[in-house]
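Remember, it's a predicted structure, so these values are computed and weren't measured experimentally. Atoms considered below: every heavy atom in the structure, side chains included; atoms not considered: hydrogens, waters and symmetry mates. Numbered from 1 within each chain, the chains take letters A, B, ... in sequence-line order.
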There are 2 protein chains.
Amino acid sequence: MFLPQTAEYGLRAMAQMASRGAGVSVRTKDLAEQTQIPAHYLSKIMRRLVAAGVLESEKGHGGGFRFARPLHRIRFADVLEACGFEIEPNRCAFGLGQCNLKNPCLLHPSFSELNGAIRQWAAKTTLQDVADGTTPIRFVPGA
Amino acid sequence: MFLPQTAEYGLRAMAQMASRGAGVSVRTKDLAEQTQIPAHYLSKIMRRLVAAGVLESEKGHGGGFRFARPLHRIRFADVLEACGFEIEPNRCAFGLGQCNLKNPCLLHPSFSELNGAIRQWAAKTTLQDVADGTTPIRFVPGA
DNA sequence: AACACAGTAGACTTGACTATCCACTGATGT
DNA sequence: ACATCAGTGGATAGTCAAGTCTACTGTGTT
């Protein structure tokens with residue numbers, strides 16, 4: 001996998017929650033069991049998602065987490081960013097100073113396309129798509 | 001960047017070498033300066049690439065590294081794999097046991113496309129493309 | 001009021017990745 | 001032969017993400 005563990009966990013947990021519907025409240029312990037994520041570690045991730053405004057939490061008896069807004073308004077990018085994973089737009093692997101269209105690095109042609117594809121995927125895919133089991137974006141190799 | 005440092009360095013170094021042409025012999029020290037990669041660390045990466053059959057080395061005075069085969073036969077995937085980075089074909093972020101078309105995980109529709117796109121990119125792009133400044137694969141979002 | 005539940009917060013440990021260093025081997029030039 | 005150059009290999013140390021642990025706060029139940 002190309003995602004850091006934390007980001008993958010975050011996405012996995014949100015996908016699991018999304019599959020239950022938008023309004024349901026979930027406890028960390030249950031979610032940890034269902035997703036096979038270490039409970040205490042998941043707890044940290046959930047807090048990051050609360051801080052990012054993706055989730056809301058309620059303490060105490062009967063508490064738990066629920067989505068802070070409708071599923072179609074929670075993009076993968078939101079989840080990934082909350083987990084500390086961000087795809088830098090103007091970064092090429094050659095990485096010597098700035099790299100842009102006017103002053104492209106050697107790897108620019110190869111990289112920018114892939115980089116852009118990943119960013120689009122993260123920006124266009126939402127938890128609603130997970131709930132629906134659909135794919136909003138398609139990659140067509142060749143051409 | 002979604003690549004581990006080692007993989008990024010490997011790609012960067014190979015791109016730099018490819019831009020010089022296929023047959024030229026390069027010393028680690030010079031390559032390290034040009035690519036801004038720590039010299040001793042680059043040395044290790046170069047050895048991995050030798051072990052993987054991507055490069056050939058010559059010791060002693062006038063020695064250095066050169067490509068073991070033509071540029072168009074060195075794929076990004078070869079370089080990345082030599083650097084310890086491999087994109088697992090049948091891995092989804094949900095990651096509970098096996099995940100395939102018959103028994104897809106929640107994230108399967110979203111993930112398999114992107115995963116496949118990255119793998120195709122690594123498999124189809126070669127150092128020759130870097131030397132030419134071209135992109136062999138194109139991602140078409142939407143549709 | 002007392003208790004149990006569940007999220008909060010931060011310290012702590014672990015381990016993999018990154019990076020550095022040095023002694024060694026082999027090749028070239030004088 | 002000898003000195004120098006350049007890759008080899010292993011030992012070592014630093015850094016940061018990943019994972020664990022424990023005490024705290026707030027909420028609901030009895």
Side-chain angles (χ1 to χ4, degrees), chain A residues 1-14 17 24-68 79-86 93 95, chain B residues 1-14 17 24-68 80-86 88 93 95:
Chain A
M1 180 60 55
F2 56 92
L3 288 178
Q5 191 69 78
T6 305
E8 179 181 326
Y9 282 166
L11 216 49
R12 196 192 298 178
M14 292 307 92
M17 274 185 68
V24 191
S25 185
V26 193
R27 289 179 303 165
T28 302
K29 197 188 163 207
D30 295 335
L31 194 55
E33 278 174 15
Q34 292 152 5
T35 55
Q36 306 271 55
I37 300 171
H40 287 97
Y41 196 53
L42 176 59
S43 169
K44 284 194 163 182
I45 297 173
M46 299 299 269
R47 272 182 276 150
R48 295 182 75 151
L49 288 159
V50 170
V54 171
L55 295 178
E56 287 171 344
S57 65
E58 241 170 331
K59 285 186 181 179
H61 198 106
F65 295 91
R66 91 178 71 79
F67 292 114
V79 177
L80 295 175
E81 190 182 339
C83 294
F85 181 77
E86 202 162 0
Chain B
M1 179 58 56
F2 55 93
L3 288 177
Q5 191 70 77
T6 304
E8 180 180 328
Y9 281 166
L11 216 48
R12 195 192 298 177
M14 292 306 93
M17 275 184 68
V24 191
S25 185
V26 194
R27 287 179 305 165
T28 303
K29 197 188 163 204
D30 296 335
L31 194 56
E33 278 173 15
Q34 292 152 6
T35 54
Q36 307 271 56
I37 300 171
H40 288 97
Y41 196 55
L42 176 58
S43 167
K44 286 200 157 179
I45 296 173
M46 299 298 270
R47 271 181 276 149
R48 294 181 77 152
L49 288 159
V50 170
V54 171
L55 295 177
E56 286 172 344
S57 66
E58 242 171 330
K59 286 185 179 179
H61 197 105
F65 295 90
R66 91 178 73 79
F67 291 113
L80 295 176
E81 190 182 340
C83 294
F85 181 76
E86 203 162 359
E88 302 159 55

To the nearest Å, how far apart are [X] [atom1] and [N] [atom2]?
X	N	atom1	atom2	result
B/Ile37	C/dT20	CD1	P	12 Å
B/Lys59	C/dG26	NZ	P	5 Å
B/Leu42	C/dT20	CG	P	12 Å
A/Arg48	D/dG19	CZ	P	13 Å
A/Ile45	C/dT8	CD1	P	14 Å
A/Tyr41	D/dA17	OH	P	9 Å
B/Lys29	D/dT8	NZ	P	18 Å
B/Phe85	C/dA16	CZ	C1'	16 Å

### Task
Test A/Tyr41 against A/Thr6 for side-chain contact (heavy atoms from CB on, under 4.5 Å), laying out the working first.
CA-CA 9 Å; A/Tyr41 196 53; A/Thr6 305; 2.6 Å; yes
When you get a sec, tell me which of [options] is the closest nucleotide to the side chain of [X]?
X	options	result
B/His61	C/dA19, D/dT27, C/dA27	C/dA27
B/His40	D/dT8, C/dC22, C/dT8	C/dC22
B/Pro38	C/dG7, C/dC21, C/dA19	C/dA19
A/Arg27	C/dA6, C/dT20, C/dT8	C/dA6

Under 4.0 Å: is that the gap between some side-chain N or O of [X] and OP1 or OP2 of [N]?
X	N	answer
A/Thr6	D/dA18	yes
A/Tyr9	D/dG19	yes
B/Ser57	D/dT8	yes

### Query
At under 4.0 Å between heavy atoms, what does A/Thr28 touch on the DNA or RNA strands: base, sugar-phosphate, or nothing?
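Sugar-phosphate contact only - A/Thr28 comes under 4.0 Å of backbone atoms but never of a base.
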### Task
May I ask you to say what B/Gly84 touches in the nucleic acid, namely base, sugar-phosphate or nothing, with a heavy-atom cut-off under 4.0 Å?
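Nothing, no nucleic acid heavy atom in range.
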Heavy-atom distance under 4.5 Å between the side chains of [X] and [Y], does that happen here?
X	Y	value
A/Glu56	A/Phe67	no
B/His40	B/Thr28	no
A/Val24	A/Arg66	no

### Quiz item: B/Lys44 side-chain donor-acceptor pair to D/dG9 base, under 3.5 Å
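Check fails, no donor-acceptor contact within cut-off.
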### Task
Look only at the side chain of B/Arg48 and the backbone of B/Ala82, and say whether a donor-acceptor pair between them is shorter than 3.5 Å.
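Judged by distance alone, yes, a pair lies under 3.5 Å.
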